[in-house]
Amino acid sequence: SDFEKTVADVFSEFQPLSLFLTKVAGIEDRFNNTGAVSLKDILSPLMGTLEASCQFNFMFDIPWLVKQYPKQFRDKPMLLVHGDQGRSEAEMKTDAAQFPHISLCRAKLEMMYGTHHTKMMFLLYDCGMRVVIHTANLISNDWHQKTQGVWISPLFPKLTEGGNTSAGASVIGDSPTKFKRDLLAYVQAYQVVPLAAWERHIRQHNMSAASVYIVGSVPGRHSGDKKMLWGHMKVKKVLKEAGPEHQKVGSWPVIGQFSSIGSLGASMDQWLCDEWLGSLSQCRGNMGTPLSHSKLQLVYPSKENVRLCLEGYGGGGCLPYSIKTARKQIYLNNFVRQWRADGRGRTEAIPHIKTYTRVSPDCKEAAWFIVTSANLSKAAWGALEKQKTQLMIRSYEIGVLFLPRHFGELESFPVGPTAEEVRDSDNVMLPIPYDLPPPNYQKGDRIWMWDVPCVDLPDRHGKKYCPP
Ligand SMILES: O=C(O)c1cnc2c(S(=O)(=O)O)cccc2c1O
């Protein structure tokens, strides 16, 4: 029965996509027993006997993080990769100082307004290593009552000693999606000494079983062939080369779902619909016909979604969309849809997850799927500059892209609206985190902005919202 399932059972039930949500406190057990993991589950000895780990993230509660590791792994070397500077870096150093096994590594942030958003774990075991790419900060609040996404890699075995693991240009032990090559390129882009050891660990493992593409962002102005390595240009490249056929999916809607929105320009044609949607609507055999912007849907919580969520208005604290930005881009109101996830029991668990997908009009199939740290912003996905000769990215981000062709020569993924359906299905099924089609905002509702008071209706805790 459900309550005796171990994380190993949950993990194996959700293969080969290996795409999970995080457990949510306060919802029915059945929505946490299938297709969902906690941080303790991910770090469990049932997933491997840990020897060392590396945690990339934006927010860290170090004492809390240490307690998520099983006791027997609490002294294993842990590297924390962050983007904090100044006072917050000093606070991190103070917190880390009490743990001799923890060391810190600061990612360079030379682009104004850039942040280290990437959320990734390298877990080195005695018999191999695992990569976890997810959307949650390493603070308890992010793992308590929010909807978060987690991709857990297969256990990558160590390469036999013989294989020379650094064979010049090509990478030994890579997969058809070039997962290892692209992960190495991402790690190398940090140019920081402490990651050299983890680069070696990656090289020494056979990642040929990885069936997802890496979609990373690193700060900088990327030109030439480096322009296609990162952000929305990487998605464009992969969809053009290996995506579904235009005649099958060319008219399907593209759905973006995220927890924050950047300044996207005064008109939708500057970045959102031409550049960004132009990349995400790419497909094989596409003759450049742009997707009509009527086919773009943006899932972002409304004020009512936040008011009625488990956390109350406080849940809006992780949806940092400001009125200053919102009033410069009212056109977004034509695209926004509510967050509703009855199928996963998470309509009231604020989405901090970020996902992007393309689904058939009948919502039964998906052409591809991305789970990533990247919100809807130019800083995360990149903005083309200098007559589109360079892609300017401000932040570090990472996500994974699922294409049907790598999961058994499929043309598309059947969509599973509930975790049970995905668990019980004999063929590959995509566990979509939210209900399709995403519902329109109700009349009188508005987009959530974290700096606008809500004093008309109280939340479930009887509170009003008076931001500082
Ligand atoms: O998960 C992240 O990477 C991330 C980044 N930034 C956040 C901000 S803010 O830095 O933009 O003010 C405010 C609230 C939540 C945030 C968050 O969850």
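No hydrogens, no waters, no symmetry mates; every other heavy atom, side chains included, goes into these values. Counting convention: from 1, in listed order, for ligands and their atoms alike. FYI, the numbering just counts along the sequence from 1.
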**OP:** With atom 2 (C) of ligand 1 as the reference point, say which of M59, H116, K119 has the nearest heavy atom.
**Re:** K119

Subject >> For atom 17 (C) of ligand 1, the option (of K354, H352, H117) bearing the nearest heavy atom >> reply: H352

**OP:** Indicate whether any N or O donor in one side chain lies under 3.5 Å from an N or O acceptor in the other, for S279 and H232.
**Re:** yes

**OP:** Indicate yes or no: does an N/O atom of W450 lie under 3.5 Å from an N/O atom of ligand 1?
**Re:** no

**OP:** Enumerate the atoms of ligand 1 whose separation from the nearest heavy atom of G317 is less than 4.0 angstrom.
**Re:** 14 (C), 15 (C)

Subject >> Criterion ring-ring contact (aromatic ring centres under 6.0 Å, His included) against F58, the qualifying member of H352, H116, H117 >> reply: H117

Subject >> Validation row, ring centre H82 to ring centre F56 under 6.0 Å >> reply: no

**OP:** Could you tell me whether R423 sits above the aromatic face of F11, with NZ or CZ closer than 6.0 angstrom to the six-membered ring centre and within 45 degrees of the axis?
**Re:** no

Original post:
Should one rank P320, S260, G262 by closest heavy-atom distance to atom 9 (S) of ligand 1, which comes out on top?
Top reply: P320

Subject >> For atom 4 (C) of ligand 1, the option (of Y113, Y321, F58) bearing the nearest heavy atom >> reply: F58

Original post:
Just checking, any donor-acceptor pair under 3.5 angstrom between side chains of T135 and Q148?
Top reply: yes

